[in-house]
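A, B, ... follow the sequence lines: proteins, then strands. Residue 1 opens every chain. The basis for the numbers below is simple: all heavy atoms, side chains too, and nothing from hydrogens, waters or symmetry mates.
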Amino acid sequence: MSQYRTHTCGQLRKSEVGQTVKLSGWIHSVRDHGGVIFIDLRDHYGLTQVVIDPERDFYQALERWRVETVVSFAGKVVARAEGTINPKLATGEVEVVAEAMEVLGEAEVMPFQIAKDDAAPEATRLKYRFLDLRRERLHKNIVLRSQVIAEMRRYMIAQGFHEFQTPILTASSPEGARDYLVPSRLHPGKFYALPQAPQQFKQLLMVAGFDRYFQVAPCFRDEDARADRSPGEFYQLDVEMSFVDQDELFAIIEGLFEAVFSKFTAKKFTKPPFPRIPYRDAMRRFGSDKPDLRNPLEMVDVSSIFDGCGFQAFAGCVANGGAIRAIKVPQVAGKPRKFFDDMIKFAQENGAKGMAYIVWTGTETKSPIVKFLTPEIVDRLKTTCQAADGDAVFFLADEVKLVQKIGGAVIPELGRQLGLIDPNDFKFCWIVDFPMFETDDETGEITFSHNPFSMPQGGMDVLLNSDPLDILAYQYDIVCNGIELSSGAIRNHRPDIMYKAFEIAGYDASVVDDKFGGMINAFKHGAPPHGGIAPGVDRTVMLLADEPNIREVIAFPFNQQAQDLMMNAPAEVTPKQLRELHLQVVLPRKEQANKTQ
RNA sequence: GGGGGAGUAGCUCAAUUGGUUAGAGUACCACCCUGUCACGGUGGAUGUUGCGGGUUCGAGUCCCGUCUCUCUCGCCA
C-alpha cells in the first residue's frame, strides 16, 4: 500500500466497517453544516463521503475547502445510520470519519464546474481539457475508448492477426487528402509527410508474406473538420489480409463489430451478415452512400409515370433526361400546411427548384399538382409508392445527380422531424460495388472515382473490353446509422492491371512508376491477392458513447481550426529552428497585416 | 473558400417598441447551521454586453465592419 491510500474512493463497503483507512482524491463537493462537514472525495474509481468534525486541528488549519483540491484523509470506516444511506453511491452504505488530513495539491477556482455536467464554452473546455476530462461524461468516454481498443486488439489477435508499427515519418503521397509535411534538416528542401493512412506499408507487409495485419494506426490529414471528422489526426483500426475475397473479409469485420457492440452497448444492433447495398442502389434509394437504415424513408423512381403527363414541369424534366423521385412519408396527412411548406423550403435551401407533394387523407387528395394529372396517373403513383390513406408522397424533379443530392438531404430531415429514427438501434450495412471510374465534372475526363489501388471486378478483361464508366471495383464502405466507419477494398495486386487502370485514367506507366514505384516494384516480385479495411476508432467509440461530436471521445482533440488550445499548437518556432531546417516563412498578406498591427 | 447559428458576470441565461444604476441561478468570498449527499440560510463582491465604427437626446437592443466559437457545403481516394 502506498503512503497515499489504503483503498480507492470507489472501494469501501460494509465489510470494511471498523477499519482505519486512508483515501486520496479530489474534493468533489463540500456540505458544511456548522457542527459537521461532509465531503465527497472523488478519484477515478468513485466517490466516498468523508465526515469531518470542525473542531479537528486539521480542519482549523486549512484556510478554505475549495472543490477540486487534492487531499488525503485517514480515518475510520463507519456504517451509515438507517436513513442516511445514499443508494446513489456504490460506497453509500459507509462513510469515513476523518482523523487526519493532508493537502496534496491545491486548486484555484475552476473555470467551470466539475461535479456537474454543465454546458461550458467549447474553447474553455478545450483550454482546460484536463478539467473537462475529470468530469464524469468525458472520463467515461475515454475509458470506454480504451476498452473498445482493447477489445478490438483481442479480437484481431484471436483471428490470427499480428499488430505492426509502420512509419510516422514517411513520403508524401500524391493521392487523397492534403499531407502534413515535416521538413528535413539533413536534406535541405526535402520533406517527410505524416501518413494519411499506412496504406502502402500494409500492402507491402502482405507482399512480405505476413498474411494478416492490423494496427491501431494514427492517421494525419490536413483537411477541414466536421462533427464526425477530427481535423488533423485520427485513429483507425487498420486491417489487411492476404488470399482473401470480399465475403471473407466482410465476415471478419462483421465479427469484429459484433464482438465490440455486444460488449459495449445494451442497444439493438444488426447481427451478421450485414445488408449489402450496391453503391448505385444506395444513391438511387437514399441519395447517399452512407444511408441511415434506421430511417425507413427512401426514394422511388416515378419518372416513367410522369413521362408525357399534363404537368409540364415534370414531363419536361423527364423529356430532358432528368429524373423524378418520390418519397413516401407515412401518416402525415394531419400535419399542418406549415409542415409541407417548411419541407419545401428545406428542399429549396438544398438546391431544389421546388418540391411537389400529394396527400391522401382518405376522403380527398390534397396536392398543388394533382389538377394537372389524370386520375389514372394519381392512382399509379399511389400504387407504385405503396401509399396508404393518411400518407403523403413528396416529389423531386431535376437532373439525376441533383435529385439524389436533394433527396439525400430531405430524407434525413424528414426522419428527424417525424421521429422515425430509433435512437436505441445500430443499423449496419455494407455499400458495395463502387464504380471504378467516373467523369470529372469540370474537365469531362475519366478519373478514378475512389481508390486507384482497388481491383476492378472482372480484372484485366473488363479494363480492355468494357466502357470504363460501367466498371465496378471491389471497393466497399461499412456504414452504421448514417456514419461511414470505413472504406476498404480488395486491392489490385497485378502490375499489368494497375498500369492499364491508370492508363484509362490518363496516366502513362512512367507516372505510375514515379509515384507508386515502391509498391509496383514489390508487386513485380510475387504479390498475393489481398484486401483490407480501416474502421475509424473515434467514430466507433462516438457511436457507442452516443456522442454527437467526435471531440467528446478524444482525450486531447483539436478545435475546428485544427488548434490545440491547451498546448498552443500550432505555434511559431524560433529563427534558429527555421535556419536549421532551411525554411523561410512567407506569410499571406492578410496574416502579415494582422501581425504588424 | 462559401453559407447558417451563436457571442451579456468564471459558467448557464434574462433584460418589453431603442429609455432609470444591465438582473437571476450557479460558482466565488464572509458569517450562521450536527446528518447532508444538487444541503439549507443571511450578506457581499463580480460586467470594456467579443472588438471597432456609425445612427440617435439616449444602443446589450438598430446599421456597417471585424474577430472568435460552432454546424455545414466545398474538401476528406
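Of the candidate nucleotides A27(B), C37(B), C33(B), C33(B) has the atom nearest to the side chain of Asp32(A). Checking G10(B), G1(B), C69(B) against the side-chain heavy atoms of Asp224(A) singles out G1(B) as nearest. When the nucleotides C73(B), U26(B), U70(B) are ranked by their closest atom to the side chain of Lys116(A), U26(B) comes out on top. Taking the side chain of Arg80(A) as heavy atoms from C-beta on, and the options U70(B), U12(B), G35(B), the nearest nucleotide is G35(B). When each of A27(B), U36(B), C69(B) is scored by its nearest atom to the side-chain atoms of Asn559(A), the top-ranked nucleotide is C69(B). The side chain of Gln113(A) lies closest to A27(B) when the candidates are A77(B), A27(B), C37(B). Closest contact between the side chain of Phe38(A) and the listed nucleotides C76(B), U36(B), U72(B) involves U36(B). Out of C71(B), C69(B), A77(B), the shortest distance to the side chain of Ala177(A) is found at A77(B). Minimum atom distance to the side chain of Arg229(A) is reached by G74(B), of the listed G74(B), U36(B), C71(B). Comparing C71(B), C69(B), A77(B) by their closest approach to the side chain of Pro452(A) singles out A77(B).
One can place CD of Glu68(A) at 17 Å from P of C11(B), the figure rounded to the nearest angstrom. Arg66(A) has its CZ atom 8 Å from the P atom of C28(B), to the nearest Å. Atom-to-atom, OH of Tyr279(A) to P of A77(B) comes out at 15 Å; the value is rounded to the nearest Å. The distance from atom CZ of Arg539(A) to atom P of C76(B) is 14 Å, rounded to the nearest whole Å. At whole-Å resolution of the value, CG in Asp53(A) and C1' in G35(B) are 13 Å apart. Residue Gln49(A) contributes atom CD, which lies 16 Å from atom P of U34(B) at whole-angstrom precision. The distance between atom CZ of Arg125(A) and atom C1' of G10(B), rounded to the nearest whole Å, is 16 Å. Look at CD on Gln560(A): it is 17 Å from P on C76(B), rounded to the nearest Å.
Comparing the C1' positions of G2(B) and U12(B) gives a spacing of 33 Å, expressed to the nearest Å. A gap of 47 Å separates the C1' atoms of G19(B) and U36(B), to the nearest Å. Atom P of G50(B) sits at a distance of 16 Å from the matching atom of U68(B), rounded to the whole Å. Of the C1' atoms belonging to A38(B) and G74(B), the separation is 46 Å, rounded to the nearest Å. Comparing A14(B) with A24(B), their P atoms are spaced 16 Å from each other, to the whole Å. Annotation: A15(B) and G60(B) have their C1' atoms spaced 8 Å apart (nearest Å). Nucleotides C31(B) and C67(B) are separated by 44 Å at their C1' atoms, to the nearest Å. Separating the P atom of G5(B) from that of C62(B) is a span of 14 Å, rounded to the nearest Å.
U20(B) makes up no base pair with any nucleotide shown, lacking Watson-Crick or G-U wobble contacts both under 3.5 Å. With both pairing distances under 3.5 Å, G35(B) is matched to nothing as a Watson-Crick or G-U wobble pair. Taking a pair to require two hydrogen-bonding distances under 3.5 Å in either a Watson-Crick or a G-U wobble arrangement, U26(B) pairs with G10(B). With a cut-off of 3.5 Å on both pairing distances, the Watson-Crick or G-U wobble partner of C62(B) is G54(B). Shown here, G47(B) forms no base pair; nothing in the strands shown gives a Watson-Crick or G-U wobble contact with both key distances under 3.5 Å.
Between His450(A) and Phe434(A), the distance separating the two ring centers is shorter than 6.0 angstrom.
We find that Lys290(A) and Glu484(A) are not joined by a salt bridge, their nearest charged nitrogen and carboxylate oxygen being 4.0 Å or further apart.
Using a 4.0 Å heavy-atom distance criterion, Gln475(A) is classed as making no nucleic acid contact. Among the atoms of the strands shown, base atoms are found under 4.0 Å from some heavy atom of Glu95(A).
When side chains are defined from C-beta on, Arg125(A) counts as touching Glu552(A), because their heavy atoms get closer than 4.5 Å. For the pair Ile490(A)/Pro529(A), no side-chain contact is recorded, criterion being any heavy-atom separation below 4.5 Å from C-beta on. Two residues are said to be in side-chain contact when any heavy atoms from C-beta on lie closer than 4.5 Å; Val512(A) and Ile520(A) meet this criterion.
Residue Gln196(A) places no side-chain atom within donor-acceptor reach of the base of A77(B), judged by atom type and a 3.5 Å distance cut-off alone.
The residue among Lys88(A) and Asn451(A) whose nearest nucleotide of RNA chain B is located toward the 5' end is Lys88(A). Position along RNA chain B of the nearest nucleotide to Ser449(A) versus Leu126(A) favours Leu126(A) as the more 5'-ward residue.
Side-chain contact, Tyr213(A) with Asp238(A): a donor N or O sits under 3.5 Å from an acceptor N or O. In this structure, a donor-acceptor pair under 3.5 Å is absent between the side chains of Glu95(A) and Thr48(A).
The aromatic ring of His33(A) sits over the base of C39(B), with ring centres less than 5.5 Å apart and planes inclined by under 30°. Applying the 5.5 angstrom centroid cut-off and the 30 degree plane-angle cut-off, the aromatic ring of Phe112(A) is not stacked upon the base of C11(B).
Checked against ring-ring contact (aromatic ring centres under 6.0 Å, His included), Phe502(A) has the following partners two or more places apart in sequence or in another chain: Phe448(A), Tyr507(A), Phe516(A).
The phosphate of C73(B) has neither OP1 nor OP2 within less than 4.0 Å of any side-chain N or O from Asn350(A). Under 4.0 angstrom from either OP1 or OP2 of C39(B) there lies at least one side-chain N or O belonging to Arg31(A).
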